[in-house]
Amino acid sequence: MIDCHTHFIPEAVQTWLKDHQEQLNAKWIPKGQDQTLLSINNKWAFPLTLPFIDLALYETTYQKAQVKQAIISPVPQLFLYDFESDVTNDLASVYNHALSEITSHNDSFLGLATVSLQNPVRAAEQLETAMNQGLLGAIIGPGVGTDTLSNERFIPFFEAANLRKALLFIHPLLNEDPRLSKLKMPNLIGVPFETTIAGSDLILSGMLDRFPDIHFLLAHGGGFLPYQIGRMEKGVDSWSSEYRHLSRRPLDYAKQLYFDSVLWNDEALTFLMKTVGATQVIPGSDFPFELKQWPLGPESANTNPSFLHVNQPTK
C-alpha cells in the first residue's frame with residue numbers, strides 16, 4: 001500500500017515558525033485539555049496533533065498500518081503565498097531540507113517540496129534543488145490570489161517541472177468566499193471547490209498539452225471535477241470556437257491526471273475509477289488532519305503509480 005497524501009511538520013520547521021512567529025502572526029492556541037490549534041496570519045487554524053510534529057509517532061503509525069511508502073507533503077497552511085517571497089523562500093529551504101533528511105534515512109517515506117509560487121522563477125529553482133535532494137516534486141496550491149495556475153506568470157515554474165518530470169500535488173487551502181463562512185463550509189465545500197477550479201483550469205487552458213511530462217495529482221478525489229466532466233464535454237462541443245486550442249476531449253485530459261482516494265464514499269470512489277481509470281487513482285489518507293481517511297485504502301486503487309520511479313531517491 002502507498003499513501004500519496006499525508007502531511008508532517010519537521011522539528012526544524014517548528015523551530016523556524018517559533019523564531020518567526022511575530023512576522024507570520026503565528027499563534028499556538030490552546031483548545032480543550034490536550035489540544036493546540038496553529039494559526040498563521042489569522043487564517044486556517046488547525047489542530048496541531050502529535051502525529052504532525054512527532055516523527056517517531058508518525059513513523060510508528062505508518063509501520064503499524066503496514067504502508068509500504070508514504071509521500072510526505074508540507075502542510076498547506078504553510079505555503080505562505082501571501083507573504084513576501086523572501087519569507088517563503090526561507091521556510092521552503094528549511095522545510096525541503098528537513099523532508100529530504102527524513103526521506104533519505106527511511107525507505108518508507110518519499111517527499112514533496114514546498115515552493116515560493118508567488119515568485120515562479122525562484123519556485124523553479126527551489127524545485128530543482130529539492131529534486132536534486134531526492135524529493136519527487138512539490139505540493140502547490142491552486143494558484144496565487146486570483147491567478148490560477150494557467151496564468152503566464154507561472155510558466156517558468158511549470159517549465160522546470162516539465163523538464164524534471166516532476167510530481168506536482170495540487171492541494172487547496174480553505175475557500176474564503178464569505179457565503180461559506182459558517183458550518184465548516186470553507187472546508188467541506190470550499191476545499192473541493194478549489195481543487196475543481198484548478199483541475200478545470202489545467203484541462204481547459206491546454207496546460208496538459210503544453211506540459212505533458214508533469215505528473216499532476218489532484219487532492220480529495222479531484223473535488224467536483226470528475227462528477228461534472230460531462231458538463232465540460234458538452235460545453236466544449238457547444239462553444240467549440242472557444243476551445244480550438246484543445247487537441248483532445250476534456251475526459252481524455254482528465255484521464256491524464258492523477259487523483260487521490262480521499263472521498264470516504266465507496267460509490268464515489270468507484271465512479272471516479274470508472275471515469276478516469278483505476279490507474280489514475282492513488283490511495284491517500286490526508287493523515288493526520290481531522291478529515292483523514294484512516295485506515296488507508298483501497299487496495300483497488302493504483303499502489304505503484306509511474307511517478308514513483310521518475311526521481312526515486314538513492315538510498
*Check the angle between the aromatic planes of Phe158 and Phe216 and answer parallel, tilted or perpendicular using the 30° and 60° thresholds.*
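Aromatic pair Phe158/Phe216 classed tilted.
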Taking all non-hydrogen atoms of both residues, which atom of [X] and which atom of [Y] are closest, and how far apart?
X      : Y      : answer
Leu269 : Ser261 : CD1-CB, 3.9 Å
Leu257 : Leu218 : CD1-CD1, 3.9 Å
Pro76  : Pro172 : CB-O, 4.0 Å
Ser85  : Asn119 : OG-ND2, 3.6 Å
Asn175 : Gly190 : CB-CA, 3.3 Å
Leu174 : Pro186 : CD2-O, 3.7 Å

Are more than 12 heavy atoms from other residues, nucleotides or ligands located less than 6.0 Å from atom [atom1] of [X]?
X      : atom1 : value
Lys165 : NZ    : no
Asp82  : CG    : yes
Phe193 : CZ    : no

*Those residues that, when tested against Leu37, pass side chain to side chain contact (heavy atoms under 4.5 Å, CB included) (two or more places apart)*: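 Testing Leu37 for side chain to side chain contact (heavy atoms under 4.5 Å, CB included), a comparison that skips the adjacent residues, returns Ile29, Lys31, Gln35, Ala45, Pro47.
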*Verdict with supporting geometry, Leu183 and Leu188, side chain to side chain contact (heavy atoms under 4.5 Å, CB included)*: CA-CA 9 Å; Leu183 302 174; Leu188 296 177; over 6 Å; no
Please confirm whether the backbone N or O of [Y] pairs with a side-chain atom of [X], one donor and one acceptor, at under 3.5 Å?
X      : Y      : result
Gln256 : Tyr253 : no
His245 : Leu204 : yes
Arg153 : Gln118 : yes
Asn302 : Gln280 : no
Ser100 : Gln133 : yes
Thr6   : Phe287 : yes
Asn96  : Thr114 : yes
His7   : Pro74  : yes
Tyr81  : Gly141 : yes
Thr88  : Leu80  : yes

Grouping I, L, V, M, F, W and Y whenever their side-chain heavy atoms are under 4.5 Å apart, do [X] and [Y] come out in a common cluster?
X      : Y      : result
Met185 : Leu263 : no
Ile72  : Leu38  : yes
Phe169 : Ile197 : no
Leu136 : Ile2   : yes
Val94  : Phe83  : yes

Can you confirm whether [X] sits close enough to [Y] that some side-chain heavy atom of one is under 4.5 Å from a side-chain heavy atom of the other?
X      : Y      : value
Ile170 : Ile140 : yes
His20  : Asp90  : yes
Leu217 : Leu167 : yes
Ser108 : Tyr62  : no
His171 : His5   : yes
Leu127 : Arg164 : no
Lys27  : Asn42  : yes
Arg122 : Phe157 : no

Supply the atom-to-atom distance [X] [atom1] to [Y] [atom2], rounded to the nearest 0.5 angstrom.
X      : Y      : atom1 : atom2 : result
Lys18  : Leu24  : NZ    : CG    : 13.5 Å
Glu290 : Asn187 : CD    : CG    : 8.0 Å
Phe307 : Cys4   : CZ    : SG    : 6.0 Å
Ile71  : Thr103 : CD1   : OG1   : 11.0 Å
Ile9   : Leu99  : CD1   : CG    : 10.5 Å
Gln77  : Asn41  : CD    : CG    : 13.0 Å

So, [X] and [Y]: side-chain donor and acceptor under 3.5 Å apart, yes or no?
X      : Y      : value
His220 : Asp286 : yes
Tyr243 : Ser238 : no
Ser116 : Gln126 : yes

_Audit row: Trp16, Ser93, side chain to side chain contact (heavy atoms under 4.5 Å, CB included) steps and yes/no_ = CA-CA 11 Å; Trp16 187 92; Ser93 178; over 6 Å; no
*asked:* Just checking Phe109 against Phe8, ring centres under 6.0 Å apart?
replied: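 Not close enough - the centres of the two rings lie 6.0 Å or further apart.
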*Centroid separation Phe52 to Phe289 less than 6.0 Å*: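 Distance test on ring centres: under 6.0 Å, yes.
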_I'd like to know whether Leu78 forms a side chain to side chain contact (heavy atoms under 4.5 Å, CB included) with Leu17, so could you lay out the CA-CA distance, the side-chain angles of the two residues, the decisive distance to 0.1 Å, and finally the verdict._
CA-CA 10 Å; Leu78 298 180; Leu17 289 172; 3.8 Å; yes
*Taking only residues two or more places apart in sequence or in another chain, which ones pass salt bridge (charged side-chain N to carboxylate O under 4.0 Å, His left out) with Glu84?*
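Glu84: no salt bridge (charged side-chain N to carboxylate O under 4.0 Å, His left out) contacts found.
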Tell me which donor-acceptor pairs under 3.5 Å the side chains of residues 221-236 have, and how far apart each pair is, sequence neighbours excluded?
unit_1 : atom_1 : unit_2 : atom_2 : d
Glu233 : OE1    : Arg249 : NH2    : 3.2
Glu233 : OE2    : Leu251 : N      : 2.8

